[in-house]
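Heads up, the thing below is written out as structure tokens.
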Amino acid sequence: MEEQGAPVGRRVVLGVLGLGAAGVAFGSKLQGGIDSVLSSISSKDPTGVTGLLPGGGGFRFYSVASSIPHRDEESYRLTVSGLVDKTADYRLSDLRAMPQTRLVRDVQCVTGWRVDNTPFEGVKLSHLLDLAGVQDDATAVRFTCFDGAYTESLTLKQARRADVIVALKMQDKAVTTAHGGPVRLYVAPMYFYKSAKWLSGIEVTKDVEPGYWEHYGYDVDAWVGRSNGRSDDAT
Ligand SMILES: Nc1nc2c(c(=O)[nH]1)N[C@H]1C(S)=C(S)[C@@H](COP(=O)(O)O)O[C@H]1N2
Ligand SMILES: [Mo]
């Protein structure tokens, strides 16, 4: 499962290893959100690969933000809001106390790399939606992240699938900061860009609001196999 890929910049490695401090600089290649977006879009790797994760078993590290604020047991919160009867603000311990679902599925990035049979474990998104009570005029869900930059979205129908979870574990251990911990989304049937890392908000919305990469031409309905990931690619 080892994958030879882009060499990992020394500073990126140090940045990943150093996660857990108050904030982390990922290195010069990643500095400047707009810069890195623009340069990555013009390259062959539009979702901004930054290197193989050390010990990541083929995973590549992605972040559109140049630094990630630290969130831990004490400070982490997940807000459920929008068109719901009851907004909620969960701590990690609250999420852990809910029924947990383990999925073992393949991870597929739209840029081509893939990691088979990866276990993810956490709370079904449908469970959180049921607890909140979705209002009749809602059709979609929007996700926000505490990196302050990334967003994603799903239709309510997609969001209620049994293979869409708010993951607390990945590869059978707590989701690491580099992989989006303490909590990330995992949308098993779709390309991995749907699986927002550093998840901090679930907002029930009237309509689908395209996510971060979707503003740059990626498919909102990112089914692996049924979509090539790009809505602007008619060929
Ligand atoms: N917050 C946030 N979530 C994100 C991204 C990101 O840049 N920021 N990149 C996405 C993309 S394109 C991929 S392939 C995966 C990468 O997850 P990994 O870093 O755990 O390999 O996260 C997705 N979720
Ligand atoms: Mo990706």
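Quick caveat: nothing in here was measured; it's all calculated off a predicted structure. Every number for a ligand or one of its atoms is a count from 1 in the order of the listing.
Of all atoms in ligand 1, listed by their number and element, those nearer than 4.0 Å to a heavy atom of C109 are 14 (S). Against a heavy-atom cut-off of under 4.0 Å, W113 is close to the following atoms of ligand 1: 14 (S), 21 (O). Interface atoms of ligand 1 facing D147, defined by a heavy-atom separation under 4.0 Å, are 1 (N), 2 (C), 8 (N). Counting atoms of ligand 1 from 1 in the listed order, those under 4.0 Å from a heavy atom of F61 are 19 (O).
Taking each of Y150, Y62, Y191, Y186 in turn, the one with a heavy atom nearest to atom 2 (C) of ligand 1 proves to be Y150. Heavy-atom proximity to atom 17 (O) of ligand 1, evaluated over R184, H179, K194, E152, is greatest for R184.
Between the side chain of D147 and the main chain of Y150, a donor-acceptor pair closer than 3.5 Å is present. In this structure, Y62 contributes its side chain and Y193 its backbone to no donor-acceptor pair below 3.5 Å.
For D172 and R102, the salt-bridge test passes: some basic side-chain N is under 4.0 Å from an acidic carboxylate O.
Atom-to-atom distance recorded for E152:CD and T144:OG1 is 11.5 Å, nearest 0.5 angstrom. Atoms CG and NZ, on D130 and K124 in that order, are 10.0 Å from each other to the nearest 0.5 Å.
Annotation: side chain to side chain donor-acceptor pair (under 3.5 Å) contacts of T205 (sequence neighbours excluded): none.
Only side-chain heavy atoms of W198 come within less than 4.0 Å of ligand 1; its backbone N, CA, C and O stay farther off. Contacts of A149 with ligand 1, taken as heavy-atom pairs under 4.0 Å, are absent altogether. With a heavy-atom cut-off of 4.0 Å, V64 touches ligand 1 through backbone and side chain alike.
For R71 and F146, the positive end sits near the middle of the six-membered ring, less than 6.0 Å away and at most 45° from its axis.
Distances shorter than 4.0 angstrom occur between a heavy atom of S63 and an atom of ligand 1.
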